[in-house]
Each structure stands twice: as C-alpha cells, then as structure tokens.
Amino acid sequence: MQYPSNIRIVKVPCIGTIGAIHILKALENGADGVCLVGCSEGKCEYSSGNYRARKRVQYVKNLLGKLSIEKERLEIYNISAGEARKFCEVAREVTETVRSLGPIPLKTKAISNSKEE
Amino acid sequence: MFSKVGSVLVIGGGIAGIQASLDLADSGYFVYLIEKASFIGGKTAQLDKTYPLNDCSFCIRSDKHMECISHTNIKILTLSEVKDIKGSSGDFEATIIQHPRYVDIDKCTNCGLCAERCPEEVNDEFNEGLGKRKVIYLEFPEAAPNSYVIDRKNCLHFTEAGCNICKEACMEKAIDFDQKEQNISLNVGSIIFAAGFDSIIPPYYDYDKLPNVITSMEFERIHSLNGPYGGHLVRPSDRKEPSNIAWLQCIGSRDIYHNYCSSVCCMYAIKQAILARRSNKMLNATIFFMDMRVCGKDHERYYNHAKNEDNIRFVRSKVHNVFPVSGTDDLLIRYADEQGNIYEEIFNMVVLSLGLEPSHDAVRLAGNLGITLDKNNFVETSSFTPVNTSIPGIYVCGAFNAPKDISESITEASAAACASSLNAVSKVALPEPFEVTEQKPVPAGLIIGGGVTGMVSGLCLADQGYKVYLVEKTNKLGGHALKLRKTFKGEDVKSYIKELIDKVENHPLIDVCLNSEVKHTDGYAGNFSTRIAISSSTETKNIKHGVTIISTGADFLRTSEYLYGKNSRVLIWFHTDKILSEEPNTIEKANTWVFILCVGSREPERPYCSKICCSSALRNAMELKKLNPDMEIYVLYRDMRTYGLIEDLYTEARDKGIVFIRYKLDGKPEVEEDQDGKLMVRVKDNLLGEDLIIQPDFVTLQTAIVPGNNENLAKLFKLPVDQDGFLKEAHKKFKPVEFTAKGIYFAGLVHSPKPIDEAISQAQAAAAKAVTVLSREYISTNTEVASIDLKLCVACLTCARICPAGALIINGMGKPYIEPQKCFGCGICAVECPVKAISLEHFNNDLILTECEAFL
Amino acid sequence: MIVGQQKDFDEIKKMISGYNRILVLGCQTCVAISFAGGMREVEILASMIRMDRKMAGQDIEIVEDATLRQCDFEFLDSVENRVDNCDAVLSLACGVGVQALAERYPDKVILPGLNTTFMGLTEKMGVWSERCAGCGNCILDKTGGLCPIARCSKGLFNGPCGGSMDGKCEISPDVDCVWQLIIDRLTALNQLEKLEEIFPIKDWDVSGHGGTRKIVREDLTA
Amino acid sequence: MAISAKDLDPKFKFEIANIPGSELLKRCFTCGTCTAICPVSNTFSEYDPRKIIHMIILGLKDRVLSSENIWRCSHCETCKFSCPQGVHLSEIMDALQHMAVRDKYVTPDAFEKFGTAPCKAACPAHISIQGFIGMIAEGRYREGLRLIKETMPFPGICGRICHHPCEMKCNRGKVDEPLAIEYLKRFLADRGLSEDIGYVPETEEKKEEKVAVIGAGPAGLSAAYFLAIKGYPVTVFERLPVAGGMMAVGIPEYRLPRDILREEIKTIVDMGVEIKTGVSFGKDITIESLKNESYRAFFIAVGLHVSRGLNVEGENFDGIIHGINFLRDVSLKGNVTIGARTIVIGGGNVAIDVALTALRSGAKEVEMVCLESREEMPAWEHEIKDALDEGIKINNSWGPKRFIEENGKVKSVEFKRCTAVFDEKGRFNPQYDESELMTLEADTVLLSIGQACDMSFADGVPDLDVSPRGPSVKDPITLETNIQGLFVGGDASYGPRSVVEAVASGREAAISIDRYLKGEDIGADRPLEWKGIELEPQDVEHLARQQMQRLSITRRRNSFEEIDSGFSEQQARLEAGRCLRICGTQSKGNRGQGSGVGE
C-alpha cells in the first residue's frame, strides 16, 4: 500500500483542530493543495470535530475564491484509521486533481509577474 | 495462610482478554496476557465493520490495542501457550511456552524489506487463506505488536537450511534465527480464561469445492480494506462483483452437533448484507434464516432498517444444499417457504454464517485443569456468578463462556476483571498520571437502584474496600427480581436474592438508603457530591463519592391487549411465577395454557426486543409441565429468541411436547371470552394456513420491558437517553458500561432489557470500571488538556459554547475554566478562540503551524 | 457589544494598494467576539493579503498584532513601534477603534478593515443580531424589554403595522415582528395594560440628531 | 375452517415419539429443510413432510392418519441427515403407516400400493441406494457414507465384490443401462478412507448385557456392528488367526485389497467390539464357558469353511488341493507353491477365484473343468469373462472320472463327458457318457466343487439342533434356534451366499438379540419387506454408464494388485447424476421454479 510521495502528512488529534489559518499557511508556504482527512461523519471521537472541519473547509474555499485560487485545491475526506487503502486512493485522487491544476498560482504568477516587471 | 499474589494471568489476547487486562491494569494489578498468535486482537482483528453502528472495527479497537501494548502494568506474551497450571486461588504457578518470533520487536521498523525479498509464499491465514503472504510477514499493517514474524514451519532457513535472504535484507539487524523456545514460569493470584472461539468448519454445502461458497469470516476479509481483494466486494472464483448474494444462517448452530445458538450470526449476516448493498447499490442480498435472533440493544431496529430501508430480503427457511450451476460459477439454492412451496434460485455467491465453537486449545487446557465444561464444551457458570469457573480463582469471559458478541464479551471481561481482582490482593504501582492534581479520589461509590444489579455492584465495590451508598427508591431491596422464581438455567432466584440482600445489609461498608432519591449531583470522576432526599422526611443527605453507578432497572408494560385487566385468567409473566410458587392446585386443574410472546415488544411503537420473554415463558412452561405433565401448553411466538445456550431450554420444551405456533405481526392472536367467561384464543397457523382455536384455562402475556423514568435521571446526571428511553452507552460495541462522561457507569436493565446473568455481569463490569477510578492515587486527568491564557481571554464564551465535552465553564467571575477531568483534548476550542487564548498542552497551534509552514 | 463584519476582500485590496509595509491590527474585544477583528481573523487576513500580493508579483511586509481594546489610547501605546515602522495600519477594530488609532497616530494612514454594523448580541455560535440603536432615550421599561426602535423595521412606537403576519415582519418572514414579541411578553407578564398608554412623540435630540454626543461626568473628571 | 380442540389429540405426538426411530419427532422447529430436500416433495406438491410433522405435534391425528400423504415417502433417506434436529422422517412415516393400518384408517394392502425404489427393495441389506446416490450427486459424501453404514458395515467390501442385485432392478436400466450402484458405493467408501471422512457410527449408551458372536465373517461382524450401535458389549470369537471370514481367506486380494477389509473391520473395533482370533469354539470355549463369563446372548455364524469331497478315485494324491484351502493358504501365508500346469475343477464363482489366484501364484497354464455347459455355469457372466480374458481355458460338460498318479503325486486327470447336470425336477443329478473321455495333464489339481460346514463347532453347544449341513434355525426370520438366546446366521445356516446377504443375516440377528435382551417380542412386525416400484421412464436423455479403469491383462498376471481402480470424483458425480431420483414416488407432477418472496 503506497500513497504518492509528494504528500506531506501533518498529524493532528482531531481534524477539528485544523483552523482556516492552518490551511492558508500551508498554501502560502508552498503546498499546492491541502486535503483534510478526518473520521467518518458521525463517528468523531470528540463528537463534532469532523463536522466543524467540513464547514470550515467551505469557508476557506470561499476565501480561496476571493484570491482566485482554485477551490479544488482544498478538499476534505472522511476516512477511518482502518481504511488505509481508501486513504491511499484518496491520496492518489487528490494528487491527481492538484497535478492537473498545476502548481498553485501563488508560485507561477509570482514568477511570471516578476518577469513582466 | 498463604500469601496472595498480586498479578493476574489472562489467557487469550482477543478483545475480551485485552479488556480484562486493561481493567485490571488500570486498577493496579499486574497482568500477564498470553496470546497464541503473533499479535493481539484475536478474531475481532479480522472483522471489517461491527454492528449495529457499522463502525470500522479497527478504528475503535486499535486504541485498546495500543493502550494494552503500552500499559506499564501489562506484560504481553505473544506466540505463547499455557502448558500447565498448578496451585490454587491466590497462588497459581503457570508454565508458559513462548515460541520464538525470530524478529526483534524493538528493532523491527516494519519497513517490509524482508518480506519483499522473502522467496517463499504461503496461504495467508489472517485472510482465511484467500490471499498469500510471505513466510516473514506482518499479519496486517496495524498489528500490535507492530513487528514482523517468521513462520518457522515454512521458512526456508529451517526447512532447507541456510536461507538468509531476509536476514541480509534487514537494515536494522532485527532478524535472529537463534531465538529459542522459552519456558516461562509465572506466579499469579488469579487466572482469566478469555480464550474465545473457533469457527466451525462448514460440514457440507461443498464448501471445499465451490469457491463462491464462502464463510462469514471470509466475507469479512473480502470486504476489509486490508483484506485480500483490497476491500472490493468480489467473489473468489473470478474476482467479479456479485450481483446477488445469499447468506445461510445457522451453519453449525442449532443442529444435533451444536445444539446451541451462536448468538451473533443473525446480526453479523445483516451487517454483511448491509455493507454489501452499500458497496453495490444494485446488489440483491437475501438472508435465509429460521428465527431472526436480534435481541441486543438496538438490534431489532437494525434488522427493521435492513428489511425496510436497505431492501435486504429475509427468507424464513433453512437451506441445506448448494448446487453448482454448470457452465458458471453461480450457485443454486433450493428452499421451501412456509406454505411448502419449493423454489430454486441462483446466486453469484453464498455466505455461510458459521457458528462459534469454544476454542479447542482452551477446551483441552480447561479439561486438564479440571474446569467443569458443559455438554458443548463451554465453561459451566452459574447465572449468579457468570464469570466464575468451577475452580476458585479461575474466571472466564467472552465466547469461551457462551457464544456472545463483542460488547457482551467486553462487559464480561470487565466483570471477570472485577471478580478476579478479589483474589489478587497486593497491587503494583500505577503509572504516573499525566498531570497530578493534589486531590485524591473519594473512596466511595454511589449506587442508584437497589435491585440485583445495584446490590452486586455495591458488593463488588465494598468487597474491595470502598464505601458504598446504595440508594433505593422503594422501601426494600431486590427490585423486580423479587417477582422471579427461576433463571433460564433453572436456578432459584428467590434464595439468591435473599442471600444477596443479607450480604448487602450486613456489609459494614454499605450504607443502604431506602425510600430515597437523588435530588442533585455535581462534580467529576473521583469527586462527586450528591444530595439525597428521603421521602418520609424533609431531611436531605449530602454524599461525597468518587464514582456513580446507575442501576435503576426498568419497568414492565401494563398492556391493554388480549383482555388483560378484563379477564382474571389473562396473566402477565410474573403472575405465572406467583401461581407456580403459591397455587399448585390451580395448575393441577388446568388443562391448557397459552403463552403469548412479544406483547408490546417489537412493535412500531416499541421497536426493540425485550430479550427475556422467550426464556421466561419457556422456563415457566417447563415448570407447569413438571407440575402437571398432562397439561397442553401452546407458545405463540414471532421468532423464538432463545439465543446462546438458552437454546437448550427451547429444545427441552419441545421435547416435553410444548406446542409452538408462530404468528405474524399482522396476524396477532385474538383472545376472546365466551358467555361463561371461558377464554378462547384464535391464532393463524402459518404452516397449515388455517386458524387454530385453543380454549386455554390461562393465558400468560410476556409483556415488554419498558424503560423506567430515565428522562429525569438523564437530566439529573446529564446523561444521554436513546430512542427507546433507555440510557445510552458511550459506544455500543467497545464501551458497553460507560458513558462519555467519566466516573459514572451503569448496569442492568436501565440500559436495555436483559436476563439476570447478563445484568450481573454488567454489574460486575461497572464495578470494575469504577475501581479504575477509585484505585488511583490521584484524580487522574486526561493526557491532553486544553489550557487558557486568562490574560488574553476576553470571556467571549465561544469556547464554552462549542466544547463537545462540556468541560469548559465560565465561572462567576466571568472567566472560563476547563475541568481537566472532563476535557478530552480535542482542540476545538483552541482553534475557534477568536483571541487565540487557548492552547492544547501537547499540541499547540504553533506546532501545527510550524508543520504547515515547512513546505518549501 | 459592537458587532462588526469584515469588508470584502476586494475592497481591502484596493484600500491597501500602494502600501508595502502594513500593520494588520486587531482588537481583542467586541469585534473579536463577533469573529471579525480578533487575532484569529488578523492572521487569516494577513495570510490572504500576502498570498494575493505574491500572486501579483509584489512584495509586502505585514506585521500582525492586536490590542486588547483599540478604543482606548492607553492600549494603543504598546504598538507604537510597529505603527511607526509601517506605511499604513489596517485596523480590524470597530469604527471607534479606527478613529482612536487615527487620533493617536495622526501621521499614519489608518484604514478600516471592518464595517461596524450594530450593537447586538450573539444569538448562538456564529449568529449575531442587533438589539440596540443607541437612541439615547430608553423605553424598554414600557415595551417588556424589547426595543421597537432597534428591532421594528419601521421603528413604530404604538403597536405593529398592518404588515405583521403570523408574528413575522412584512419585510421578511425570517424577521420576527418585535411588536408581536412585545405583546406576547407583556401578556405573559400580565402587563398588557402598559400598551394602553400612548407613547408621546420621542425626543430624538439625544439620539445624535443634535450633533455628536458627549457625556461628561464631573465627578470623574480631573 | 378453523381447527379446534376437538380435532386435536395431544397424546398423538407422544404416541409417535415413543416408537423407536421417531424419538426426535418433537424436536422439529419447522425449518423446512426436509421439504426442500425431499425428492417426493419436489415432484409432488401435496407432499410436505414438514406439515405432516407439524400436524402430528398439533395432534391432528385423524387428519394425518387418513392422509394419503403419509404413504408417499419413498424411504430414500435423502432427508435423513439434513434435518438439523435429527428428526428421521422416513422412520416417522413408517410409524404412521403402521399406525394407520393398526387403527384401521386404511387396509393393510396400502403397504402394497406404495413402496420404495426397486434398488433399495432388491438389496438384501436394504441400503437406501437412491438416497446415497442423491447425496453423491450433491457432493454430500460423508452423509452418503453414513447413510450406507446405517444398514451395511462394509461399503468398501461390498462396493467391490457385491453381486449387486440392485442393479438388475434399476429403473434406469429400462432407458439405457442401470446405475453403477456397486461402484458408487465403493466410491464413497474409498473416499471415506482416503480423505479421512470415514464414518464410525455413534453408539448408544453402553448396556450391561454381553453378547458373544462366534465367527468373524461378514454375518458375525455385522451382528457385532449393529449390536455395538445399540450399545451392547460384543466379543467376536474367530477360529482363524484373522478376522473377516471368507472376506479375508476366500475372496482373493486382487478383488478385495486387504487394507480395505482391515479398515472396515477396524471401524467395528473402534466402536468397541472385541475380536478374539485363534479361538476355537467347541475346543477353547463353549456356550457354558461363555455363560460363565456372563455372556447373555449368542450368535453363531461359523460359515462354510470345509470343501466338499468328490468321491472319485485317487482324490487324495499329492498335488490335489481343495480350492478354499488353497485360497485360505494364499491369503494367510501369502506364498503357496503350485505346479506350472493347474487344473481347476468346478464352475462357480469360487472356482474362478481359485483359477485366477492359481494364475497369480505361479501357474503357467490354468484350465477349468466343470460339469455344466457354458450357459449353465453358476459363476457370474462377468467373472467368467474375466477368466477367459486372462487366458484361462474352460472345459465345459466334463466330470472327473479318476486321478492318475506318478510317485504318489497327481500326474493327470481323466474326465468323462457330462450329458446333464440336473434332472427333470431341476435337482443336481449329473448324468455321464462314460464312452467319451478326456485326459488332462496336471501338476496341481484344485477342487472347487462346493463348501460345507465344519461341524466341530457343535461340540461347544451340544444341545443345539443341527443337521448334517449345519445348525438348524427354528425361525428363518428371527434366526432363533431351539436354545433361548442363541441365534445362528450366515452361510452356515442357509448355504453359500454373498457377503451382502450375510450382512442382512447379521443385522436380523442383531435385531433379534436386542429384542431378546430387552424382553420384547422378537417376531413382531418382521420381516420388513420392501416393494420396489417399477417405473416406465419417459423422455429421459440417454447417458452412458461410467466405466471403471481396469488393470491391463498383462499387469494382472503374477500380481494381486486390484483389478478395478474405482471411480474418480467426477465420474461418480456424473454417474450419480444418471439416477432418475423419482423411483419410489408415485406422482410425476412437476413443481414450478422461481423466486420466492421474503418476509
């Protein structure tokens, strides 16, 4: 079982602990996409962490829209810890999506814009 | 006097063994956990999802595995077997053989290089032989201990001397072919058999020849993401997705070879059918069964849902043959419906719902030790001491006691932990709590409800030296059990209760408060304070206690159906008990007696099974027969739910000539009286398609068990109540006697209807859980607790509003305060705090940020 | 408390264009509670600005900070250095805070990141609604503790208008008719007769219509 | 129509359940397995065994006993091991039928009207042949084997050497060829041995009364087997050093490998039967000595182990050997020297065994000489064919006149033409034409002209009525003798017959002994007679009978290797699939197929 090597995993006790700022920081610092992986809906050990995270992802997607960054770069999935295979699949899927979008405009535009100058 | 030894030997590292070990270890005992396999988890580890929540089995149990592996009070011996046990209660000498793993657990990093290189492949037992594995292997990625193991029998190093490929591949130098078998001698105070079960080998159905006839465990593996087919539901012969699957129930159960019910198969078959339908919406799932035995909490609802929402077809017919359909890999099943019509249907795959047999190794060992086994080789236990074997100091829990599911096994494991701890007195040091606050737990328990359950819990705590306050609403102890005569095994309930009440009333540490009710309660695990009102006076009493156990029981339905209340010969179950004890003449004069089951249970307004009605009806019917052998007894039932070893009672009842007639919910029996007040019962016989008119002298109604006034209780203790009005446990499968809130437990019928033996084991389990709190040197807190920087806090209340644990309160000064006993460290408050005043001890915001920033 | 709402990002972008060293300054009081201008929002906004500038190929230096209250000069002293070192301050405080900042640092460009919306309360997590219009002449004693000035769309004083339907305001079925609430409440309090008293014409002088309001307590002044 | 109390007889279920074999009746929990599996139900929709059981339990006595349905069971036993609660439908139907006759719901000729499959009826042991064949077809081998062992302890033996009268009666024979019943039985037995699914019948709770069996041949061992099932402690005394009787010392190894025999005898020993070999009844032990050892019942089945004489001149010269002695010596000693030119006198199956064994024991040339013409020969056709195939010359219609010696050793035999073997009444009374003579050279002459009983056993039980041929039976059905508690059976009591008949005899003896020891009426309801129902199969596709692999002629020479190699699993299933499966049922109605509804 393998997942793409260009995925960086940040482990958190509950997906509910990931705030908008964490997602933004990751993107700002060079991640081309961010994928939140939490427990299945209704199965949160902390009762509502994954539910909150899902709403928060929507919020950040809106922020990304304002920045003209593709919303697809951010996604949230519910995968339980036993579903290693599903995780790998999702990881591949996410990588594929992000790859098809290309590098985050943050990098490309920064380069092209600076060239124009 | 011999000196008692402070450690306990737990045989079997399945879910029951793990739970028993954890409870004992948490209460300060040292545990040796012996497991035959190379990993702990047992059969549960092979399961994909568990009913009735369809939870990922691994997610939840893996916590327990890790806890068990890392607990300083537990020594796990994998690849080990018990060779012999000598000595007696309090001082046993056990000889263990530990087989070599050939891999150093501490060095192995699970890189997998060894297995990659290993040239030899064999069938993978963990996947029920459906896949292959190397000879050096990890059973499954999350196996605990998480280390590779060498299967000596097939290893070329041993069979063809000299293969060293894996050894050379290992960078960590973890492979050691020189490891030798070890004899280990252990001195323990008590022993718990948690040896579990072996699946019955399918005796027919051409299981060995037809690849698409699979066992239920094979289905679990196929459906598992870490299984042989990566979780794709395909059939073995051609790896194609089946479009219709049949489940055949009672394979190796309820037959002449295994004349008991394996208890779990109905539920797991439904679960598997639901999962199959989820992975393929177009799939036809059919379950062939005899009686649908879904008696546990929420099980009936699960069944109804499967039938009505998931479109799973249930066919009441036992199937004995599966025929190959030539030219395909499909299978033909022939079955008869109740009217006698015979059908033939073709399925792509057939799952045999295999029954449970007590672990063969354990049977041998138990036999050598002289432990009394019943005729089916399960350990013989009494309803009143459900985890005690015939040898003092040796206890049993889980499926070796009787067929049972995970939650019942876990309950029983805790019960066994409780019972065995009385034999092993001296304790070892507990691991340091993460955060030590100065407070010690109040060494007392409050028990609410003075029925059998409450009394058993109370005695368990008191016998371990804790003060017990037993609060009972009525003016006497005993509860509804006072109305009962006998258990399903035929033991005398009355004398048991009398003895129990005596013990409770005379126990120096038990303070019985009759006519009392709880008015207010406050605090947290280790330190509760509760106000009790005594109904006869205006006086109230304040109690300090470290734990609370709720055992307020349940009530019975006062029905208005079937002329109850209008004709004095229509009785409720306990009236029958009464007549049996007090009116032998009445019985001698009666010619015909009718029992009607499921009165008020399993109906739209009460969609649950009351679990005890079948056995209580049969027990009373047998007693009636004994007093008057000529009496004709009819039992009108919907499904005969004599699960587990209770099946014996059903067999015996049929042997005695009791007549069983099945009715359907839409064709309930009618009870009428003629001009002379004589009773007449009309019921449709489904087999003959004709009405049967019985003129009984008495009709006994097995009325539903209904929840007591749990709403109040729930409000008082801030506890969740389920849809049926019973208390709701923290997790149906893995935390069966706990609430999410710590320090408060429950036992007995307040949680769901159950027979006396299960209530008693739950009572012991609750006590075991309570002891894990009471036995601490300090009130323990969770390892990860949020903390608030009050300088930054603006008391916006956000945290208090969102905390899922209810651990955040705003004190009178307008400042938030986190109750460390309640906080479970999820970090949600920290991320939501608008002024960033909250952080998580081990997991603060900056750490995540740093990680998120480390991308370029 | 004062409830604010962050300005649209495009507007903020326009506002800060041309400035390359910006202090984003939050206020940890009212607007923090309404999730518009606390430290948490400062971080998010700062991150967005940085990303936006980066995509435009422009450099920007952002300093993130927040004061306990921006509407008190004393709290503003602590950020003096930071203010000095930037081209502009993007304040996430309410209008009062923005102005306090502007007054305290007269040479600095001070920009508002929020629209200050109303005085109100948190109905539940994430929902805020207006309760007080600051009219300077409270009549809540007569209306059962519910303010028709702040909560009646038409600011009526003597009972509901003809548009009140099923307890809802005619402007939207989501808005409660405050007069319905007032009547219900007074009925429950058995004080319905209070409504029989006709409200006199309200003195709007104290509501700001008479110029900027100021309160002086002689006993407290130095 | 509603059923009311007056229609019900609550005692009915107890009445039926008290009949042996029907005990578990009340265990029925109406799962429906029996109905789904029953070939009769599958062809005749009125017949629903589950309903019948349910009606018994309800007490619908009149309705059940007057129903035609109770007569429809074909006793195929297909359902026997499928009922999860072990209810034996066939036995219950039997009980119902007898009760219906007894209580005059029907006249006794009802028994005539319905019956069973002709194979089962024809089998002396009444094996439920159609049942075990059905089980093979469904892959339920273990159950098939178990079903055979209900009535026959030697499926491996009888699967090889049985004269299979069942096959003669097979209804399939009317279409193409009869089922290979014998070989299918062998298939189950072999599979049982090779795959360790061998079935050791369960024995009832141990009883007190000891039973002695004299003679460990098929009859004696069968009696021991059935008595052991009933829980009796049984000891079998055998004069020879091995158990098995003629199966061990008569039937040659190339037809019956000895390991098969050993395994099937071992099963009986595993059931608790003690076999004492090398014990002569009449010499080492007697009835008196056994009674002193507290044996309570006796079964004598000593067989026919001595050869008849010829009464011909020179009969006692060296080189003239009795065929059964020869076979016994080959079996026991392994190696018997025999001349290059051997003559076998006799035309029965044993003579052929003797001839073929001679061929395997070193004889270069074997000729058979018999009184009968080729058509009259008592040996079975396929056996004669085997002999001819292996190059044995058969001289028909010759009788020995005299033996000619050289140095006291036989040199040649002179034969006279036999003109008729039987007289006009069909009795054995050979006529000769002394003018037509033939002389054959011989190094060895093997006489195989009939067997007789060794009467020395009579010394052990002087009071027993005997005839010159063997012990006398008082009642051929119960096998009682003039001595109470002493029963006789097997060849010694009725003359030379086959193993399966000996098994039947042993079983009848066991029934008698059981009833005797229980003090019951020994003769009641006996014999159990089966009527095979003839069928005119129509529209049946022709399917060839499966053929067994046989050893090549060249490999048979000088080798005792088994000739027939048995069916492969595939062959067995194909062959079992040829069974019509409806034999014994009366109706040909067909049931619809389709999807049933769920709950």
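Quick note on labels: first sequence line is chain A, next is B, and so on, each numbered from 1.
Here the CD1 atom belonging to A:I18 is positioned 12.0 Å from the CD1 atom belonging to B:I828, to the nearest 0.5 angstrom. Atoms CD and OG1, from B:E832 and A:T17 in turn, are 11.0 Å apart once rounded to the nearest 0.5 Å.
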### Query
Between A:R56 and B:V831, does a side-chain contact (heavy atoms from CB on, under 4.5 Å) hold up when you go through it step by step?
CA-CA 11 Å; A:R56 207 171 290 136; B:V831 72; 3.8 Å; yes
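Remark: B:K728 NZ is loosely packed, at most 12 non-hydrogen atoms of other residues, nucleotides or ligands lying under 6.0 Å away.
Taking B:G827, B:S224, B:G112 one by one and counting their heavy-atom pairs under 4.5 Å with chain A, the maximum is reached by B:G827.
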